[in-house]
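Notes to accompany the following structure.
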Amino acid sequence: MQRKPLCWGVGQSVTSRTKDKSVNNHRPAWAPSEVDIEKPSAARMYDYFLGGSHNFESNRELAEKYIEVLPDMPVIAQAQRTVLHRAVRFLATAGIDQFLDLGSGIPTAGAVHEVAREINPEARVAYVDSDPVAFAHTTAMLDDLDGVGTVYSDLRDPDSVLTNPVTAETLDLSRPVAVLMIAVLHFVPDQDDPADVVTAYRAATAPGSYLAITHATSDYRPELARRAEAVYTGASHPISYRGREQILAMLAGYELVAPGLTDMIRWRPDPQADPDPLGGDVTRYSGYAAVGRRY
Ligand SMILES: C[S@@+](CC[C@H](N)C(=O)[O-])C[C@H]1O[C@@H](n2cnc3c(N)ncnc32)[C@H](O)[C@@H]1O
């Protein structure tokens, strides 16, 4: 049995999560053959944090270790999803009708095209992920939709993402586009120069394009951040909690819309729609968000 989806506002806690050891690392029918089911992946651990069912025992075990260090992680993951939704609504309202979702993850409720199309039914989205399960599920669920494309690529190689035929078919990069990097830049290690990666996407997009990010921070609880990073060394992508100045440096060339780079739950919150189980304690969310306009 999989963990039940964590629902906002119903008081479900981490301790109510269910784990069934009988569901082990056997390859389910939906798992692409190239997937190493023994190697925990960032995408499938995130799926577990969000209460999804596209993960294996290896993912669940490492995710549980992470939760031992950071019990708030399921709530943080949901909060990141609500920031994504707020940012997409903001961008669609600002006139953006095409989105490049980098590190898009395993599909879950409130996908980018669904949220954007509530405002502009013509909105187009290219979903990009390097995880084979994320790619396979995104393709299976969304690929038949007009104006939606799925790309199996590593975002650290902007050329291959941007010249991928699916990207080119889905998006017109001569017009403004929103580049979304939600909960993914912390999976780009320092040696791959995340600021440089962001700059490459900025350079490839038209003036008037936007960038939206969230990023885990070590600013509030550095010791906890180091322990959390240590857990992820066993996963497909290491995680790097970073300080505000390092994250700000990734936003060079963008004019940040109000309120700038801020604690993610303070980025244009919608108190009616976005529950806050951690009582506004930004130290427990430990993540920043920003949206910027390319000049
Ligand atoms: C924490 S999940 C976030 C998913 C989604 N952006 C969201 O906010 O719900 C991070 C995702 O980024 C993907 N990812 C990490 N590094 C990547 C890379 N270098 N290229 C493409 N995808 C990557 C992972 O596979 C995973 O699906």
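One-based numbering, in listed order, for ligands and for the atoms of each. Quick note: residue numbers are just sequence positions, from 1.
Using cut-offs of 30° and 60° for the angle between ring planes, the F49 and Y66 rings count as tilted. Classification of the H186-H215 ring pair by plane angle, with boundaries at 30° and 60°, yields perpendicular.
Ligand 1 is approached by S104 to a heavy-atom distance shorter than 4.0 Å.
The closest non-hydrogen atom to atom 26 (C) of ligand 1, taken over D129, V128, D131, comes from D129. When the heavy atoms of G103, P189, S130 are ranked by distance to atom 5 (C) of ligand 1, first place goes to G103.
Nearest non-hydrogen protein atom to atom 10 (C) of ligand 1 is A183 O, 3.5 Å.
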_Stepwise salt bridge (Lys or Arg N to Asp or Glu O under 4.0 Å) test for E57 and R60_ = CA-CA 5 Å; E57 185 61 20; R60 295 189 284 275; 3.4 Å; yes

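Residue-to-ligand polar distances place I182 within reach of ligand 1: an N/O pair is separated by less than 3.5 Å. Close N/O approach between L155 and ligand 1 is found [any backbone or side-chain N/O within under 3.5 Å]. Remark: ligand 1 and R81 share an N or O pair separated by less than 3.5 Å (distance only, no angle test).
A salt bridge does not link E68 with K65: every distance from a Lys NZ or Arg NE/NH1/NH2 to an Asp or Glu carboxylate oxygen is 4.0 Å or more. With salt bridges taken as basic N to acidic carboxylate O contacts below 4.0 Å, one links R44 and D131.
For the pair S174 and D172, the tightest heavy-atom approach, listed with the atom from each and the gap, is OG-OD1, 2.6 Å.
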